[in-house]
Amino acid sequence: MALSIRVSGVAKAFGPVQANGDASLEVEAGEIHALVGENGAGKSTLMRMLAGMFAPDAGTIEVAVDGALRDVTGWSTAEAIAAGVGMVHQHFMLVPPLTVAENVVLGRELTKGWALDRKRAVAEVCALSERTGLTVPAERPVSELSVGEAQRVEILKVLYRGAKILILDEPTAVLSPPEVRELWRVLRGLTAGGGTVVLITHKLDEVVEISDTITVMRAGRTVERIRTKDTTPRDIAKAMVGRDVNLALDHLAAPSERGAESVERGADDASALLGASAMESAPRSTLHAPRSGSGPAALVVRDLVVPSARRPNEVDGVSFDVSPGEIFGIAGVEGNGQTELIEAIAGLAQPASGRVALGGQDVGALGVRERADTGLSHVPEDRHRRGLVLDYTVGDNLILGLQHRFTRGASLDAPRIDDNARRQIAAFDIRPADAALPARALSGGNQQKIVVAREMTGRDYRVLLAAQPTRGVDVGAIEFIHAQLRRARDEGKAIVLVSADLAEILALSDRIAVMYRGRFATVLPRGEASAEILGPYMTGAASERVA
Amino acid sequence: MSAGSRMRAPLQEALLPALMALAIAVLVGDLLILTFGQSPGAVYRLLLEGTWGNAYGFGQVLYKATTLTFTGLAFAAAARAGLFNVGAESQLATGGFAAALVALGLPNGTPGILAVPLCLVAAALAGGVVGAIPGWLRARFGASEVIVTIMMNFVVLAALNYVVASHLHVPETLHTPETTVGAMPRLSAMIPAFAGSAANTVLLVALAAAAALWWLLFRTRGGYELRAVGLQPDAAEYGGVRVGRVWIRAMALSGALAGLGGLNYVLGYKHYYEEGFATGSGFLGIAVALVGRNHPLGVVLAALLFATLSQGGLAVNALVPKQMVEVLQAVVILAMATSVPEVQRLLRASARRRSATGEAA
Amino acid sequence: AEPPGSEGLDVGIVFDVGGRGDKSFNDGAYIGAERAAKDLGARIRFIEPGEGSDREAGLRLLAAEGMDLVIGVGFIFTDDLTQLAKEYPNVRFAGVDYAVATDSAGNPVLPPPNLEALKFREEQGSYLVGALAALVGKSKKVGFVGGMDIPLIHKFEAGYRAGVLHVCPDCQVIAQYAGVTPEAFRNPGRGKELALSQYQSGANVIFHASGSTGLGVFEAARATGKLAIGVDADQYSEAPGFILTSMVKGVDAAVYDAIAAVKNGTFRGGILQLGLKENGVGYIYDANNRALIPDAVRARLGTIRDSIVAGYIKVPTER
Amino acid sequence: MIVLVFLAQTLRIVIPYLLAAAGGVMSERVGVIALTLEGFMLTGAFTAAVGSYFAGSPWVGLACGLLGGLALSLLYALAAVRFRADQVVVGVALNLLATGVTRFFLRFAFDSSSNSPRVPGFGREHTGSAALGSLLDSLANPLVWIGLVTIPAVAWVLYRTPFGLRARAVGEKPEAATSLGVSVPRVKVLGVALSGMLAGLGGAYLALDQHQFTDGMTAGRGFIALAAVIFGRWDPKRVAAACLLFAAAETFQIQLQGAQLIPSQFVEMIPYVLTIVALAGVVGRATPPAALGRAE
Ligand SMILES: Nc1ncnc2c1ncn2[C@@H]1O[C@H](COP(=O)(O)OP(=O)(O)OP(=O)(O)O)[C@@H](O)[C@H]1O
Ligand SMILES: Nc1ncnc2c1ncn2[C@@H]1O[C@H](COP(=O)(O)OP(=O)(O)OP(=O)(O)O)[C@@H](O)[C@H]1O
Ligand SMILES: [Mg+2]
Ligand SMILES: [Mg+2]
């Protein structure tokens, strides 16, 4: 069949970050092509260049226009749209105060004289919506829509422009299973009509279900192109991470056997602390999946509800306990409330209701620093936004959140800060080993090591919140960080591990919760969990949630 | 990457825009001078002679640089926390007014050792309060501190005008009575060559303030947190910093620095508060901070530059009208504001190219 | 340039904020100085400081060069001139609109002997034009537009008001100010609206003391066909036919006289009160406005003037 | 009668506010801070006077006022959009530049530091003092009509035209506009240019109504217009209402005729205090366009 897209040797750097280096891609007309790879592999970057958002530093991009491949390297979004290339972005590209119809026609407005023809815009959007089955309220402002509806608007926007080549960047991350099925139907309809689809997703079952061909990216490069019918999720995963996934999992020590009798006691202690009402609402899931640590719970979370900018209940009533010496893994597709849950525990987000207790002390009224001083440590999911001040030196970043401990009188204690930096850099093998370098100049893996070093050995803590601790980090660093987490667990720390990477969760956790739409869909002991069992809970296909 | 090249990049980033801005200003200046049928060379020579060329002119430069240092530091302190304080003018006026008020209120013959610190504290406090209000509005309501400080300039200056015009002025003037209490000596009392120039010991307060701000920003926990808030508020919050409080504190600090600037005129020079003494100093402070890259040392140097320009304007007045200097000051700010991000981009792009070719080799 | 201090007469003049071209007292000083240059052979240097606190620097620059006479134009130079006159006893100084301070007993504090305070009694001139406005306006209402709401301008209002009430005790004086910041001297739009509202409420004549804001008053006079009174210099040309007169200050003559006094060795220092008696203030009566001022009115003003000169009428300086 | 007088005066005062504030709405709605309205107005006033003087026609003056504001706004767009310089700093610098440049050329062209000669303007002369006359006089000024239609026009452009849709999108979420092939810089430059032209017309109104340019004649009106934009929460209708409120307060103060009920200083504070109050959310939250002031 004829090629619809051909990308060869494309490179793109953002400052020091080499997002793409020698990436290539071949997509045939009329197929659904899946683009997979770990977080930070450069998938979005590559597709954004294809859609004309910015130009590559090197390489060529060709797209079939009127049946023949044409070099379109460095074209603009306007040109891409005109040539029938449309992209649905990973992050919403919608203007919240504008209506659905306005968002759809933006840049391609219908006019009556000099004025917008708003009636016709609404009519056309409604018609398109009917034709594709993507129902949206055409005259409502986008700010009032649910995430699923917003996603549909995004797809409508592209279809409205008559896209022949449709690029979807993780469209299912925020969709419910029926919505996903709906989407597949729309995409199949599109390819049946001669359209081409490139689909970025992290869910390998989706890949297998919907795609015809798969391209795997790793560290900015294309590593493999496979026919879907010739492969299995396991092979894809192997290609993605560059080594045998099972091998990696197998060598992990299984969580130690622990007595079941300690479980109930721990829960009781916590409940006593939080009062009778907490007792009544003690989650069944806690009982269902007994804590595996010993002694009273180090972290108790009860009925936590956390709002976000999008909705009032991003976290919608979550309860759990974590014991000392236990890793409590929270799996789930990103955007199901994990971020808000962790931030609420850390004191960064204000819960609407519910309680958090640390080592037996209710910390609801405490600020971030006070919670940290009570024994909470936190590896945040977004090191660039939260975890590091990128323009501070490595040494200064190694005391972020601890700055009040490194003072002498009013001033910072420079010798101790230097000394701390030297020790941490050596212990965690942070490279380059230069405390005076700005954190911005380090690679992602080394940046993450700064955060991990600071949070795991820089302070006394009882509870560690580790959110996506290895995202975008290379293999060596991943092993190292995993080892640190296990060591901490063995030292009796209580650890909450949030990861979008199921393998990571399975490799490290003693108990595993799956978060879906703000709630725990299930909580299982490690022994009862496997990727096959957890998968359906992650997508909402299975649920045993009890309020 | 060698240590040398690591130092060089920020230095280039700091100096290149300033040099570019100066070059553009000189170019525009030449054009303006030529339109008045004068020779640029002669004008620049006169400008230098009238400023750095003699002790008096230099004293005047120091005097003007003193006020500009304070307003420049004020802008820089807020900018380091990620805020724009466009209200230095009213904070400066309020500080000067408070100092005059305290000096007038103290009994005659109060020794300087007692009076000066009191006036100092009054100026800093008054300026600090005027600065803290927009900081609080930002922290509490998310109100843009840019707009609030601009609006407060009008409000505060009108209020001061009301107090002075209806209660405190000396007949036939726009100033309060002169105070003998709390006066700070002129530099000429120590270095006779400065005779006549307005340069006074408040200059030392300015230098001390610059040093103190440097220490505060770069050596204390408060400064660590303030700069973190300015660079990445989310990271600061994660690091246990209460961002809103830092905003309020930074604006109060900024206002206090501007308020201290009022001493230069009130205690160091005229010994009274006068309507309009702060005119223009606030906006020029923004330019000073910009050229000085929000670094206390840079601010002091940039204040000297702008003070030279403005004193030099007087010196070249025989050849070109004063309006030219006004135009030039605006051009310097404009060129600077434009070239900072541009130079940054160019330098980073060339660094990337170099490292790319380096790797290839 | 040849160095000052050699033979010949070197004069330096520092202008007020408005600077040269203000069509008012800065230009008056300029005219006086130019005349002195022509008639007396004086070499004149002019300096225009910028806004803010640059005034002293300009004066000192000239004093340090050893000028024979340094003149500061504007009340704003008062303190600086006093200071410099003490520091440079061999240089002579003159201050246009110099504000004489009073001690705690209310007596004027004399300036240093090498400093001549050129004081104009604006209130006397204002008194006359106030009487004129009431007599010509005939509507029992007269207007006044001030610039910035400050004591200096209140002096104009006080004299004007007293003059109005002298000839028309039941007249009403509408006095308004354009603002509270220095911008109030540069806001003709506001001046026009103030004047329009005064004209509309029945005033037929408005006197302004408000810098360029007054240009708006003239514009209102044009628009309504009524009359306005200019200030400081003869402002007839700004709105011919609508300017009843201008309350003028003899800045040019005062500056010329000061320069001449230095040349002739008769420079005395001290306070020079330039009122009606000294012809330091007055109102314009010439071919341009003769038709607007009836002879009877002019005669009446003559009488009033004489009474002021003789001291029978005391003109207030505060409202 | 008194109502008529009040109306006529409020009308005259509000026109420059309406023009400049309409410009402010355009600029801020595309995400560029309108700190420069004062400078645009002053430049427009000056070029209007120069144009009217040398061409002998107020219409040429009007066009020149528009072009003067446009010229400065293009400089603003160059710095803030093309070079992505900080808008606050550039805005402050441009206001200083406008003051300096108008003074420089006033001196250069007319050898005066205070005002230009009289220039032709709109409107009839010698209308007598009747209130109706002055109202009619105002209505004979085309700039009054332009001022009155500006706000509806801006509202129409903003809410009813493709450009307006793009402008709102760019001010709220430029990356969304970019992804749909809308050129963000072009929309921003257009918005800023429109604000320059409108504010320039506001300045032209001042100069042509006064029949001359005087140094600094805008006297802070640009900042009052900016205050109106914020107080009116960036919505043309509300902004117009804010302009009217501020103008009425001024008229009220003028009509009080020096009856010093409250010191004039406090009356002058009204627009500024109201703006601060509005920003503090006392009268409903004032939420600026989401991308306001952002460099990219
Ligand atoms: N605009 C940008 N500025 C700086 N760095 C960027 C930018 N966009 C992407 N990057 C970096 O480039 C790398 C590749 O990012 P990209 O978004 O293409 O990855 P991805 O494969 O889509 O990852 P994910 O699965 O998490 O979406 C990452 O390290 C990312 O942080
Ligand atoms: N601004 C900079 N100045 C100097 N060196 C830099 C700068 N930015 C990045 N580097 C270096 O360039 C290299 C490339 O970064 P990249 O993120 O690809 O690292 P990496 O090889 O993937 O490392 P890691 O294994 O930690 O992920 C890193 O070694 C980093 O130290
Ligand atoms: Mg991506
Ligand atoms: Mg890496």
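Reminder, nothing fancy here: chain letters follow the sequence lines and each chain counts from 1.
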Is [X] in contact with chain D via its backbone, its side chain, both, or neither, using a 4.5 Å heavy-atom distance?
| X | answer |
| --- | --- |
| B:V146 | side chain |
| B:M336 | neither |
| B:L334 | both |
| B:A159 | both |
| B:T35 | both |
| B:L32 | both |

**Report entry** Segment of D:V101 engaging chain B (4.5 angstrom heavy-atom cut-off)
**Finding:** both
Report summary line: Under 4.5 Å to a heavy atom of chain B? For D:F105 that would be neither
**Report entry** Beyond-backbone contact of D:L279 with B:L137, side-chain heavy atoms, under 4.5 angstrom
**Finding:** no
**Report entry** D:N95 and B:F283, any side-chain heavy atoms less than 4.5 Å apart
**Finding:** no
Query - Residue that, paired with B:M151, satisfies side-chain contact (heavy atoms from CB on, under 4.5 Å) out of D:T275, D:V277, D:V273 - result: D:T275
Taking [options] one by one, which has the highest count of heavy-atom pairs under 4.5 Å against chain D?
| options | value |
| --- | --- |
| B:V148, B:V332, B:I133, B:L328 | B:V148 |
| B:V331, B:I147, B:N153 | B:I147 |
| B:I333, B:V86, B:V155 | B:V155 |

Query - Greater than 12 external heavy atoms within 6.0 Å of B:F306's CZ - result: yes
Query raised in the report: Could you give the distance from CD1 (D:I33) to CZ (B:F84), rounded to the nearest 0.5 Å?
Result: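 That separation rounds to 8.0 Å.
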Requested in this report: Evaluate the ring planes of B:F154 and D:Y272, with Trp represented by its six-membered ring, and classify them as parallel (under 30°), tilted (30 to 60°) or perpendicular (over 60°).
Outcome: parallel
